[in-house]
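The structure presented is a predicted model; accordingly, all values stated were derived computationally and were not measured.
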Amino acid sequence: MRFVLAIVSFVIGLLLVALAVGQRTVFEPPSSLVAASSSKSSAPVTVIPGSTLNANPGYQRINVAGSGKVFAAYGKTTDVEAWVGDAKHTTMRFDADQDRLVGRTTGKESTVPDPAGSDLWYQEYDSAGQFTVRLPKDVSVIIVGDGTSAAPSDVSVTWPRDTATPTVGPLLVAGGVFLVGGLVLLVWAFVHQRRGRGPRRRSGGSRPPRVRASRRAAAAGAQVPVRGRRGRRAFVAIPVLLVGALGLAGCSSDYWPQGGSAASPTPSATATGAATQTEPTAATKQQISRIVDRVAAVAKQADATRDARLAGGRFTGAALELREANYTIRAKDTDVDAPPSISAGQVCVALPQQTDSWPRTVFAVVAEDCDAKSAPQALTLVQDSARDDYKVAYDVSLEAAAKIPSLAPTSIGASLLAPNTKLLSIAPDQIGRVYGDILSKDKDSAYASLFQAEGDGLRSTIGKAYKDKKSESLPDTAKIEYSSEVPADSALAIATDGAGALVSAELNEIEKVTPTAAGAEVNTEGAVKALSGVDSSTKGITATYGVQLLFSVPPVGSDEKVVLLGFTQGLTAASEVQ
């Protein structure tokens, strides 16, 4: 009976071990799930929403192929939707019953512009192939061909599958227990059988057991045969195999059931932080750095070739007017310097607007070396619509001692204040006019007490003292008049941490020189001559100097003063008086 129990135990143990091994070999589940597209739509755009990408857990390996041009990118879902707009597009969803991507086509426009190089994308790919990402639900993938023909239809998404077999470990352990039990029963059966073969009483007397006779013979010096080790080795092999199986069971956590803590991990800092954020940001730090790089590249090429059309792709407003005038002047006067180049070395400050709509604003401070404070520039960039690039509206050279007030982190961003807000000591749409009065009157201005005079380099450059000196230098046959104007809706104010704001404003300083005597003429020179195309005039000459300003404005009720952080000024227009 003991032999029967040992055999049964061995068989059960071997079956359990075989079942465990089978789960990691023959019955092992596939390591990935591949969902291919079944759509044959003619739409020029295909969108894979974040909800589809997260239909299964784990990373997403996206494969895109096509016969023609293939472009793929991913970005914030709201940005992708805004860029697509009313264009005809196919939205993919995951069909769990068929393990396929099923498309639904909507929209009317049959063509879209080239999406390559858009400032909206987090990452883009310009050719067919595959890329592996792990995108959250608020990020989507956009796929476009040449913008006119159908988007590439050969699209698939691959997710990893959980290949854990939590019963392997318990099965191996249980099998090992039965194998050990069988071994114990087998040894017990052999010992019992051996004892059952002991000496029996005979009528003719008795003799010592064989074992004792052998021991006495060995003690007397006789050669006693030693039992072979073949059976012993067979018994040793079983524990060795058992130890190997148990070691296999303990080498991976996939072989054991997991506790409840692994199934419901603690929310990450990113997830909890996103839950408290009220508004999304216009751009990330990585996007802003890439935008600055692109702006710098366009500025360098446009400045070198004096290409105003090229500059218009990345500049607008006062920043573009200054460059356009500079290109015209340099075409006639090679002694005039080019505008200061945009630094793409480092982005020292990146503050995007808190918004999910358009237009959008981003404030950035750039320099070749932020730690060395080497010629930092403050850029105020705007994006009018989802399909437009960010353009520099203000390019300001910061003062040497300028101190940027405390700002919110890039990941949080800041709100853009209304031009007529009452939350600041001076409304953004009034600051240009008020500062123009200070440049004209200095301490005699009614607003002089609101501004900090110390460190204001623009007052000594084009302020009252400069204007008085230039007026006195004119001959008696001519006079000069000064005035200023502020373009409507040009000021941009982005909030700081202290309830104040960084205000970018534009101011046009106008100089009008006219003769005072009959027959007298006004002569031109330098940049005014090159831009106006007039050598002399009996009517007079008008020159407009565009000034880009950056202020730190305190909140209303504060004792702090408005501080000029930086400025850029240059001739933007010149003509004969009409």
Side-chain angles (χ1 to χ4, degrees), residues 30 32-161 280 356-358 385-389:
S32 62
L33 168 63
V34 181
S37 169
S38 60
S39 173
K40 301 298 181 183
S41 171
S42 61
V45 180
T46 297
V47 177
I48 308 178
S51 56
T52 300
L53 295 173
N54 286 272
N56 295 288
Y59 64 81
Q60 306 106 13
R61 182 180 294 118
I62 302 168
N63 185 80
V64 183
S67 57
K69 181 180 179 181
V70 177
F71 173 86
Y74 60 86
K76 194 162 51 178
T77 297
T78 52
D79 290 353
V80 170
E81 292 173 348
W83 190 93
V84 172
D86 197 35
K88 192 176 181 181
H89 62 283
T90 302
T91 303
M92 294 292 182
R93 68 175 180 85
F94 176 69
D95 188 336
D97 295 332
Q98 304 180 32
D99 285 346
R100 297 187 64 84
L101 295 178
V102 180
R104 177 175 177 269
T105 302
T106 56
K108 299 178 181 178
E109 296 178 7
S110 58
T111 61
V112 294
D114 187 1
S118 172
D119 294 335
L120 296 181
W121 315 138
Y122 292 155
Q123 187 62 270
E124 60 183 58
Y125 307 89
D126 292 325
S127 60
Q130 69 177 18
F131 52 96
T132 302
V133 292
R134 189 160 192 162
L135 304 180
K137 289 187 177 180
D138 60 350
V139 174
S140 298
V141 173
I142 182 172
I143 301 170
V144 184
D146 59 9
T148 302
S149 58
S153 58
D154 189 1
V155 179
S156 66
V157 180
T158 302
W159 294 275
R161 266 188 168 170
D356 212 15
S357 59
W358 280 267
S385 69
R387 293 184 180 178
D388 288 322
D389 290 329

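Scanning all heavy atoms of the two residues, the minimum distance from A65 to P152 falls at O-CB, 3.3 Å. When every heavy atom of T52 is checked against every heavy atom of M92, the shortest pair comes out as OG1-O, 2.7 Å. Shown here for W83 and S118, the closest heavy-atom pair between the two residues is CD1-OG, 4.4 Å. The two atoms that bring S140 and P49 nearest to each other are OG-CA, 3.3 Å, heavy atoms only. Here the closest heavy-atom approach between residue V139 and residue L53 is recorded as O-CD1, 4.1 Å. Closest non-hydrogen pair, A150 versus S41, comes out as CB-O, 3.6 Å.
Tested against V45, the residues T105, V144, V80 include a single side-chain contact (heavy atoms from CB on, under 4.5 Å) partner, V144. The only member of T106, I142, I143 that meets side-chain contact (heavy atoms from CB on, under 4.5 Å) when paired with H89 is T106.
D389 CG to L120 CG: the interatomic distance, rounded to the nearest 0.5 Å, is 9.0 Å. The CG atom of L33 sits 5.0 Å away from atom CZ of F94, with the distance rounded to the nearest 0.5 Å. For the atom pair R100 CZ and D95 CG, the distance stands at 9.5 Å (nearest 0.5 Å). We find the OG1-CG distance between T132 and N63 to be 10.0 Å, quoted to the nearest 0.5 Å.
Side-chain atoms of Q60 come within 3.5 Å of backbone N or O of L135 as a donor-acceptor pair. The main-chain N or O of P160 is never found under 3.5 Å from a side-chain atom of N56 such that the two would form a donor-acceptor pair. A distance-only check finds a donor-acceptor pair linking the side chain of R387 to the backbone of V84 [under 3.5 Å]. At distances below 3.5 Å, not a single donor-acceptor pair connects side-chain atoms of S37 with backbone N or O atoms of S156.
Aromatic ring orientation, Y74 versus Y122: perpendicular (interplanar angle above 60°, classes split at 30° and 60°). By the 30° and 60° cut-offs, the orientation of the rings of W121 relative to F71 is tilted.
Within the 4.5 Å cutoff, no side-chain heavy atoms of R104 are placed close to those of V102.
A donor-acceptor contact closer than 3.5 angstrom is absent between the side chains of T46 and T90.
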